[in-house]
Amino acid sequence: MTAPRGTPGLRGASLALAGAVLAAGVGCTSTFEVPIDTPIQAKLDVTPFSRVHVVGFISGGAEDVDANMETVRLLRSQLRTKSRLRVIEADPLPLQQVARDQARGPATPGAAGPAPAASDVPSGMQFPEKILDEKDLEAYEPLFANAAYWKKIGEEFQQPLIVTGTVIFRPHQASGIVTQEREVYDQFGRRTVVPTRVYMERKGYILRPKLVFIDGRSGAVLYQESYREERLYPSQQNVPALSSFFEQMDAVLPSFLNTLSTTRVRGSRIMLK
Amino acid sequence: MTKTRSWMLALAVVLGASGVASAQNPRDQAKSQVEFGITVAQKGLWQEAVFRWERATEIDPTYAAAFNNLGIAFEQLGKFEQAGKAYEKALELEPQNLSIQQNYDLFKEINDRAKRNTGTSGS
């Protein structure tokens with residue numbers, strides 16, 4: 001036994017109606033998510049350079065992390081994999097000593113060889129025994145403006161793009177009200193997450209890198225940028241300084257790389273019909 | 001035979017109706033350009049998509065979706081100024097459209113970053 005069939009005319013009409021309904025239904029689907037890859041142009045034109053030299057940083061703050069060495073290593077490894085520039089492998093320069101030598105005068109030999117004197121080193125500028133915060137860096141700042149010195153370094157390494165600057169990585173403590181998410185179960189065992197405000201003692205680190213890009217041909221500063229990152233953790237949580245340092249540098253790296261090469265920001269947008 | 005005839009008739013009615021509509025209504029003409037633009041954009045042919053969506057906005061300058069899509073394409077091509085103008089026009093036409101607003105907000109984040117790149121060098 002078979003099911004009764006409608007007349008051909010009726011079937012045709014009902015199919016046409018179904019088609020129209022389907023067409024209308026498709027018409028309702030008016031949004032389409034599409035992945036996009038937006039290019040952000042590099043901040044610097046590095047086409048004149050084929051090589052980059054991360055010479056080192058004037059650093060201070062936490063004693064358990066050598067911010068100079070770690071920053072040099074990290075930036076070099078990033079540049080090796082994410083830029084077209086060849087990375088010069090050389091020992092970082094003892095920039096703190098160089099700055100002190102320059103302040104003393106041209107006759108004083110520096111640890112990295114004779115350093116041309118900075119023209120604008122204020123006389124009587126005191127170099128702090130230890131660099132603990134940003135204020136202690138002020139005496140070292142004229143080093144970056146000493147074009148003669150950087151030109152000399154550039155000549156030594158076949159005129160690369162020079163990356164230098166300052167890095168302060170210091171411990172920080174704070175207490176106050178923070179918002180935390182707390183799991184709550186109702187009488188039926190259903191779980192919800194509720195934001196609650198609690199007083200908390202927290203400790204962590206502040207990272208303040210200033211990156212200076214110098215033209216190895218002329219010794220002139222091409223570009224510089226300062227960053228500030230802060231991470232605070234519950235006081236009972238023992239986060240090693242080095243892991244916090246890398247966590248914070250991770251946030252700085254995209255911008256650093258974007259200085260030298262065009263980066264692409266991945267995202268998605270909604271197309272409409 | 002009758003079955004085939006009724007099928008063809010139904011199809012002709014549907015196509016005929018849409019043809020009449022597209023001949024009369026600029027929105028329908030623009031819509032076909034927008035739809036084609038979406039198809040090619042999904043295949044990564046963004047220049048072609050821009051051409052289609054620009055045509056759509058010429059045919060129907062009140063079509064917010066076409067301006068929104070144009071904004072997306074300009075973003076993908078790194079043309080931030082044009083992207084901004086397209087999104088703003090889309091929002092002007094449909095201020096309550098959450099999808100356009102969301103796209104525009106995401107665009108502004110990237111645009112701010114691009115502006116920082118060009119605006120702070122040599123500081």
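So that the names make sense, note that chain A is the first sequence line, chain B the second, and so on, each numbered from 1.
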task = Could you grab the distance from atom CZ of B:R113 to atom CD1 of A:I40, nearest 0.5 Å is fine?
result = 5.5 Å
task = Check the surroundings of atom NZ in A:K151: do more than 12 heavy atoms from other residues, nucleotides or ligands lie under 6.0 Å from it?
result = no
task = Tell me, yes or no, whether the heavy-atom count around A:R264 atom CZ, taken from other residues, nucleotides or ligands under 6.0 Å, exceeds 12.
result = yes
ask   = Under a 4.5 Å heavy-atom cutoff, which of B:L106, B:L77, B:N103, B:N97 has the most pairs with chain A?
value = B:N103
task = Against chain B, label A:S268 side chain, backbone, both or neither, depending on which of its atoms sit under 4.5 Å from a heavy atom there.
result = backbone
query = Does atom CZ of B:R27 have more than 12 heavy-atom neighbours from other groups under 6.0 Å away?
reply = yes
ask   = Which answer fits B:N111, side chain, backbone, both or neither, if we ask what part of it has an atom under 4.5 Å from a heavy atom of chain A?
value = neither
note = Checking heavy-atom separations under 4.5 Å from chain A, one finds in residues 58-73 of chain B B:Y63, B:A65, B:N68, B:N69, B:I72
task = Could you tell me whether the side chain of A:T38 reaches within less than 4.5 Å of the side chain of B:F107, counting heavy atoms only?
result = no
ask   = Which residues from residues 34-44 of chain B are near chain A, with near meaning under 4.5 Å between non-hydrogen atoms?
value = B:V34, B:E35, B:I38, B:A41, B:Q42
ask   = Is any side-chain heavy atom of A:V265 less than 4.5 Å from a side-chain heavy atom of B:E109?
value = no
